[in-house]
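One structure below.
The figures here come from the full heavy-atom set of this structure, side chains too, leaving out hydrogens, waters and symmetry mates. Because the structure is a prediction, the values reported are computed rather than measured. Counting starts at 1 for both ligands and their atoms, in listed order.
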Amino acid sequence: MRAAVLYEVGQPLAVEEVELDPPRQGEVLVRIAATGVCHSDLHYIKGDLVMPLPVVLGHEAAGIVEAVGAGVQSVQPGDHVVLLFAPACGRCRYCAAGRPHLCEMRLRVRGRMPDGTSRLHARGEDLHHFTCVSSWAERAVVPESGVLRVERDLPFAVCALLGCAVTTGVGAVLNTAQVTPGSTVAVFGLGGVGLNVVQGARIAGAVTIVGVDMLEHRLDAARRFGATHTVNARRDDPVKAIQDLTQGGADYAFEVIGRAATVRQAVDCLARGGTAVAVGLPPAREELALPGPAFILNEKTLRACFYGSARLRHDIPRLLALYHAGRLMLDELVTAALPLERVNEAVAALDRGDGLRTILEMHTA
Ligand code: COD
Ligand code: ZN
């Protein structure tokens, strides 16, 4: 099959023939139909975040089950599925506590399948898996807990987005922060994930939603997704602007960029007792710094958010219900569709901030 392989940081991906083993016990073979290009993938391509190479990236995807390994019960060939990048064992202390996105399995896999081996091979060596998904490929072998069956009449691009951007962004608001109606909210970074934080805040009933970005077209998009105000951080100081727009500070602020400096801005723009949520992952070399007395005397909170703190099998059907009810904008997020062969163009477009979300589409006919 064809797959996009990252052999070296900073280099274009090689779209080439890759060998994919059949699914083993408890695994599922998925024919990828649509897969998103997310900034997390770009972090690894650029080397801001580090993982073992060579690797097949891609973690936001949907497709059709082609085969299942022994013991698989929740899906069968022909089912349409969303791929989940946090496989969960269902037994560890985190799964038992109802926080399967923190499952111990995720920490163990480190570029492999849960059993420690790889199903992907090229040029005579094993390739690494990315978050047990590796969807920038025609097919993927994933753990059963990494797929969720969805209705067959849904667009694949929409299902792919539910695998990351939507679940992460809306989940940050509804699960991690638990924004309450009437709140004031600031969102730093209005890409594919940040726009979902914006619409999550709208769904939660926030009355003031301030979107911050450096690209005018992203500010326009944020207004369509529910922002009541926008700030261009290239022109204006976002902390001061947010404090002015929220009568002294926001109740909640979300950092959806992945920079220590903007996490600090998210903390600084809060009202007393406010909560900042760090969704973006800063480069490994950056440490987060907090203003000691102002943070403590004003009783602020800084929370981290991974994968929207989501219970995926509970949350994704609810997100789909919001979509069907016309309250969650998903089709509007997809602004370009390209074939896998043009993945490097899609990555460059993300780096420039073109459009909102590019989807790589495979032929599934
Ligand atoms: N001030 C304001 N806006 C800024 C600034 C700044 N200083 N710098 C960049 N921006 C804007 C850009 O113009 C862009 O519009 C936006 O920030 C970022 O958007 P995208 O589309 O490039 O990124 P997303 O939405 O695909 O991803 C954002 C994440 C923060 C999720 C990602 O970068 C990340 O850190 N991921 C790691 C966390 C993780 O693992 N999450 C789960 C999988 S995604
Ligand atoms: Zn992502």
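Nearest to atom 26 (O) of ligand 1 among the protein's heavy atoms is Arg357 NH1, 2.7 Å. Among protein heavy atoms, the minimum distance from atom 4 (C) of ligand 1 is reached at Ile257 CD1, 3.4 Å. Ranking the protein heavy atoms by distance from atom 33 (O) of ligand 1 puts His43 NE2, 2.8 Å first. Protein heavy atom nearest atom 19 (O) of ligand 1, with residue, atom name and distance: Gly191 CA, 3.3 Å. Closest to atom 28 (C) of ligand 1, if we only count protein heavy atoms, is Val256 O, 3.7 Å. Nearest protein neighbour of atom 42 (C) of ligand 1, counting heavy atoms only, is Phe85 CZ, 3.6 Å. Distance from atom 7 (N) of ligand 1 to its nearest protein heavy atom, with residue and atom name: Thr262 CG2, 3.7 Å.
For ligand 1, the polar-atom distance check against Ser40 finds a nitrogen or oxygen pair separated by under 3.5 Å. Of the N or O atoms in Leu281, one or more lie within a sub-3.5 Å distance of an N or O in ligand 1. For a threshold of 3.5 Å applied to N or O pairs, the pair formed by Val193 and ligand 1 contains at least one separation below that value. Looking at ligand 1, you won't find any N or O of His59 less than 3.5 Å from one of its N or O atoms. Not a single N or O atom of Gly189, backbone or side chain, sits closer than 3.5 Å to an N or O atom of ligand 1. Considering backbone and side-chain atoms alike, His39 places an N or O below 3.5 Å from some N or O of ligand 1. Below 3.5 Å of separation, one finds no N or O of Thr168 facing any N or O of ligand 1.
Between Glu332 and Arg224 no salt bridge is recorded (no basic side-chain N to carboxylate O distance below 4.0 Å). Between Arg223 and Asp220 a salt bridge is recorded (basic side-chain N to carboxylate O distance below 4.0 Å). A salt bridge links Asp268 with Arg264: at least one charged nitrogen is closer than 4.0 Å to a carboxylate oxygen. Using a 4.0 Å cut-off between a side-chain N of Lys or Arg and a carboxylate O of Asp or Glu, Asp213 and Arg234 do not qualify as a salt bridge.
Every atom of ligand 1 with a heavy atom of Leu215 under 4.0 Å away is listed here by number and element: 13 (O). The atoms of ligand 1 that sit less than 4.0 Å from any heavy atom of Gly192 are 21 (O), 25 (O). Listed by number with element, the atoms of ligand 1 under 4.0 angstrom from any heavy atom of Cys164 are 43 (C), 44 (S). Near Leu350, with a cut-off below 4.0 Å to any heavy atom, the atoms of ligand 1 are 21 (O), 22 (O). Taking every non-hydrogen atom of Arg218 and a distance limit under 4.0 Å, the qualifying atoms of ligand 1 come out as 14 (C), 15 (O), 19 (O), 21 (O).
Looking at Asn196, Asp213, Val279, Leu195, it is Asp213 that brings a heavy atom closest to atom 15 (O) of ligand 1.
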side-chain contact (heavy atoms from CB on, under 4.5 Å) assessment of Val142 paired with Val147: CA-CA 8 Å; Val142 301; Val147 294; 3.5 Å; yes

Check against salt bridge (charged side-chain N to carboxylate O under 4.0 Å, His left out), Glu17 and Arg2: CA-CA 5 Å; Glu17 274 310 302; Arg2 308 286 290 168; 3.7 Å; yes

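Checked by atom type, the side-chain pair Asp79/Gln76 shows no donor-acceptor distance below 3.5 Å. Inspection of the Thr35 and Ser135 side chains reveals an N or O donor paired with an N or O acceptor under 3.5 Å. Between the side chains of His217 and Asp354, no donor N or O sits under 3.5 Å from an acceptor N or O. Using modelled atom types and a 3.5 Å distance limit, the side chains of Arg303 and Ser309 yield no donor-acceptor pair.
No heavy atom of Gly353 sits closer than 4.0 Å to any atom of ligand 1. Heavy-atom distances between Glu255 and ligand 1 stay at or above 4.0 Å for every pair.
Under a cutoff of 6.0 Å and an axis angle of 45°, Arg106 and Tyr94 do not form a cation-pi pair.
Linking ILVMFWY side-chain heavy atoms closer than 4.5 Å, directly or via other members, places Leu302 and Leu270 in two distinct hydrophobic clusters.
Ring centers of His101 and Tyr307: at least 6.0 Å apart, outside the cut-off.
The SG atom of Cys164, the Zn ion (ligand 2) and the SG atom of Cys38 define an angle of 130° (nearest 10 degrees).
Residue side and main chain included, His59 places an N/O/S atom under 2.8 Å of the Zn ion (ligand 2).
Side-chain atoms of Trp136 come within 3.5 Å of backbone atoms of Gly36 as a donor-acceptor pair (strictly under, hydrogens ignored).
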